[in-house]
Every structure is written in C-alpha cells, then in structure tokens.
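In this text the structure is predicted, and so the values were computed from the model without any measurement.
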Amino acid sequence: IDEGANIQEYLKEMKQGMSSGEVTTAVTISLEKVLEYAQKDEIMANILEIVAFINPDRIQLQLLGKEKDKTAAIRKLRKLNILRNVNSEEYSIHRMHQQAARKNIPPTTALKVLSRNLLSLFKEKDD
C-alpha cells in the first residue's frame with residue numbers, strides 16, 4: 001500500500017486483497033465504522049483529530065476533552081479496538097489506525113481541538 005494512501009484507498013485495497021501482509025476483517029470493519037461514527041459524532045471526530053498526532057502509546061485522557069462529553073465516544077472507540085487502555089488515565093492507538101487517521105486530518109485541526117480541550121480544563125479548575 002502506498003504510504004500516502006488515505007483511509008478510503010486503504011480499505012479499497014484491503015477489500016480487493018491487494019494489501020501487503022495479513023489484515024483481519026475486524027480491522028477493516030473497525031476502520032469503516034470509525035469513519036461512519038466520526039461523521040455523525042463531533043466528539044469522536046475531535047478525539048480522532050487529537051490521537052492522530054500525539055504519542056500513540058501514551059494518550060492522556062485529559063487531552064481528549066471534558067469527562068462527561070468524551071465517555072461515550074471513548075467507549076465506542078474502545079469497542080471498535082481503535083483505543084486501548086494503558087491504565088486508568090492513558091490510552092493507546094495502533095500506529096496503523098493513527099496513520100490512517102492522520103492522512104485525513106490537517107495538523108492545524110488537531111491543534112485547534114487540543115487547545116480548546118486544554119482551555120476547557122483550565123476553566124473547569126477555575127470554577
């Protein structure tokens with residue numbers, strides 16, 4: 001697969017059996033579902049925008065937004081095997097999923113979402 005391939009091209013090649021190496025059906029389904037959900041769920045889209053550009057092994061829970069807002073989206077991403085628990089305060093994402101998300105998200109978008117989430121954390125502490 002070409003390194004510059006976006007998620008749709010990657011899925012198309014996987015379905016046609018042209019991808020190098022073995023990729024399970026579960027990965028294909030999870031990537032497709034994530035795209036569907038993210039188009040309908042702004043919070044999930046925001047989470048994907050952030051995790052596309054930060055350390056995939058140690059994603060701090062606080063960076064993903066307000067607790068009450070992100071719980072359902074994180075639960076869906078965990079169910080789809082996109083995010084995995086490292087511990088109670090950190091998650092990880094497989095580099096393949098991160099790379100696929102990164103192809104569709106400009107870094108400036110991720111920075112805007114991240115800065116908005118960080119500002120909301122400081123506002124909560126002040127209240």
With rounding to the nearest 0.5 Å, note down the distance linking [atom1] in [X] to [atom2] in [Y].
X	Y	atom1	atom2	value
S92	H97	OG	NE2	11.0 Å
I82	M44	CD1	CE	9.0 Å
I93	I47	CD1	CD1	10.5 Å
E90	N55	CD	CG	9.0 Å
I43	L48	CD1	CG	12.5 Å
L77	L83	CG	CG	4.5 Å

Check for a donor-acceptor pair, side chain of E49 on one end and backbone N or O of V113 on the other, with a separation under 3.5 Å.
-> no

Does the K70 side chain pair with the main chain of L64, one donor and one acceptor, at a distance under 3.5 Å?
-> no

Start with the C-alpha distance between V86 and I59, add both sets of side-chain angles, then the distance that settles side-chain contact (heavy atoms from CB on, under 4.5 Å), and finish with yes or no.
-> CA-CA 9 Å; V86 173; I59 300 166; over 6 Å; no

Can you name the nearest heavy-atom pair linking [X] to [Y], along with the distance?
X	Y	answer
A38	A45	O-CB, 3.6 Å
Q98	V51	NE2-O, 2.8 Å
R78	N85	NE-OD1, 2.6 Å
L63	I50	O-CD1, 3.3 Å

Between L80 and Y37, is any pair of side-chain heavy atoms under 4.5 Å apart?
-> yes

Derivation and outcome, side-chain contact (heavy atoms from CB on, under 4.5 Å), residues H94 and N81 = CA-CA 9 Å; H94 192 283; N81 294 316; over 6 Å; no

Q60 atom CD, neighbour heavy-atom count above 12 within 6.0 Å = yes

Salt-bridge test for D57 and R84: reply yes if a basic N is under 4.0 Å from a carboxylate O, no otherwise.
-> no

